[in-house]
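By convention in this document, chain letters (A, B, ...) are assigned in the order of the sequence lines, proteins followed by strands, and residues within each chain are numbered from 1.
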There are 2 protein chains.
Amino acid sequence: MKLDVFDKKILTLLQKDSRISQRELSSEISLSASAINRRIAAMEREGIIKNNVTVVDAHKVGRPITIISEVSLINERLDLLEKLKKRFIQCPQVQHVYYVTGDFDFLLIFNVRNMEEYEGLTRELFFTSENIKNFRTIVSMQNAKQELTVVLD
Amino acid sequence: MKLDVFDKKILTLLQKDSRISQRELSSEISLSASAINRRIAAMEREGIIKNNVTVVDAHKVGRPITIISEVSLINERLDLLEKLKKRFIQCPQVQHVYYVTGDFDFLLIFNVRNMEEYEGLTRELFFTSENIKNFRTIVSMQNAKQELTVVLD
DNA sequence: AGTGAAAGGTATTGGGG
DNA sequence: CCCCAATACCTTTCACT
């Protein structure tokens, strides 16, 4: 599926605020509300639009700590890798899992209430695995930007 | 503002799918639609709910590359730091900006169409600044998880 | 705070160009 | 693939508990 200039405008606006009404989109883009509706439905069907989510302020709900972990494995065999990856993904405090190559193997980003919670998670996720060589913990002093927005040109 | 068990249930569901209707929330939580409505409005007013966004599949719109940069500064004077931070935040291809302390100063996560786009951005963001000591580029082979969801217990 | 019902807005679908 | 109009659905408000 090829996106035209209208689809890109729709996505750009929805990425900023998914609650914008299709009528408002319609007037901003100069396309009827029903055309907007059909395009959005098509993009959802194709998986271009993955979902719509509410963004919660982590500080205001008592989870102010963001931690980055760089994890190195002993053995990079695919099945072992997948097993660990699944475990990381399933952990609800883990917001991001990137599999990388180079000086380490996984970069994880955690959101936690406090350092104790993080320590508990490292025990669960890292120390119980035979395959983790080591990990480096980096505490974020400030989450200056945290978005999932994609550029559409 | 203190969140009770109903607010937390509402937020948990909205973080998964912000398009769930208040009526459906109402039946899942056993609270009337108008109570749901008032609670959501209050959490928006307080900034607990920051916004609602559509999540776009970066691969499907031709932006498959995620890159992590670890940036080290020469001088960590606050005004210089803020100037750089602002520049990073304003770059639309930069999804995340974390200010950290330790072996480096900023961790950035980019989403780009290809390596050429990233190289262009490093020239713009890093090489034009007098204050950047060095940076390390880590290419993500797989974005196994990428969410903003916060745990509410 | 919570509820139910009425009023006001939106999304969605179908007919026609 | 677009528009317009009708329907169906949802949110929001209000009077009352």
Side-chain angles (χ1 to χ4, degrees), chain A residues 1-63 147-153, chain B residues 1-63 147-153:
Chain A
M1 180 175 172
K2 184 96 187 81
L3 300 179
D4 66 12
V5 69
F6 292 112
D7 295 318
K8 288 175 183 172
K9 277 187 190 169
I10 292 169
L11 289 179
T12 300
L13 292 167
L14 286 177
Q15 284 188 116
K16 277 209 275 286
D17 175 17
S18 66
R19 300 254 267 214
I20 185 174
S21 73
Q22 297 181 358
R23 291 180 178 194
E24 202 173 331
L25 281 171
S26 151
S27 69
E28 295 234 10
I29 293 175
S30 334
L31 206 63
S32 74
S34 50
I36 302 275
N37 187 284
R38 262 181 293 103
R39 283 163 179 270
I40 291 174
M43 292 191 285
E44 281 174 345
R45 213 181 319 111
E46 299 289 331
I48 290 164
I49 290 177
K50 286 206 282 195
N51 57 356
N52 293 275
V53 300
T54 294
V55 183
V56 171
D57 188 318
H59 282 80
K60 295 208 171 151
V61 297
R63 312 199 120 250
E147 292 178 0
L148 301 175
T149 314
V150 164
V151 176
L152 296 155
D153 32 77
Chain B
M1 179 175 173
K2 184 96 187 79
L3 300 179
D4 67 12
V5 70
F6 291 113
D7 295 317
K8 287 176 183 172
K9 278 187 190 167
I10 293 169
L11 288 180
T12 300
L13 292 166
L14 287 177
Q15 282 188 117
K16 277 209 276 286
D17 175 17
S18 65
R19 300 253 268 214
I20 186 174
S21 73
Q22 297 180 359
R23 289 182 177 201
E24 203 173 330
L25 282 170
S26 150
S27 68
E28 296 235 11
I29 294 174
S30 335
L31 206 62
S32 71
S34 46
I36 302 273
N37 187 284
R38 260 185 291 105
R39 282 162 179 270
I40 291 175
M43 292 192 284
E44 281 174 345
R45 212 182 320 111
E46 299 288 331
I48 289 165
I49 291 177
K50 287 206 281 195
N51 57 355
N52 293 275
V53 300
T54 294
V55 182
V56 172
D57 187 319
H59 283 80
K60 296 209 171 152
V61 297
R63 313 199 118 248
E147 291 178 1
L148 301 176
T149 313
V150 164
V151 176
L152 295 155
D153 31 76

Any donor-acceptor pair under 3.5 Å from [X] side chain to [Y] backbone:
X	Y	value
A:Lys60	B:Glu46	yes
B:Asp17	B:Leu14	no
A:Thr54	B:Ser18	no
B:Arg19	A:Asn52	no

### Query
Going 5' to 3' along DNA chain C, which nucleotides are the first and last within contact of chain A (any atom under 4.0 Å from a heavy atom)?
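Both ends considered, the range comes out as C:dT10 to C:dT13.
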Shortest non-hydrogen contact between [X] and [Y], atoms and distance:
X	Y	answer
A:Gly47	B:Asp57	O-CB, 3.4 Å
A:Leu152	A:Lys8	CD1-O, 4.0 Å
B:Gln22	B:Ile40	NE2-CD1, 4.0 Å

### Task
Nearest whole angstrom, please: distance from the C1' of D:dT11 to the CZ of B:Arg19.
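Distance, rounded to whole Å: 15 Å.
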### Query
Which parts of nucleotides 1-7 of chain D does protein reach within less than 4.0 Å, heavy atoms only, written one letter per nucleotide 5' to 3' as B for base, S for sugar-phosphate only and - for none?
-BBB---
### Query
Sequence neighbours excluded, which residues qualify as salt bridge (charged side-chain N to carboxylate O under 4.0 Å, His left out) partners of B:Glu28?
none
### Query
Has B:Asn37 got a side-chain N or O lying under 4.0 Å from the OP1 or OP2 atom of D:dT12?
yes
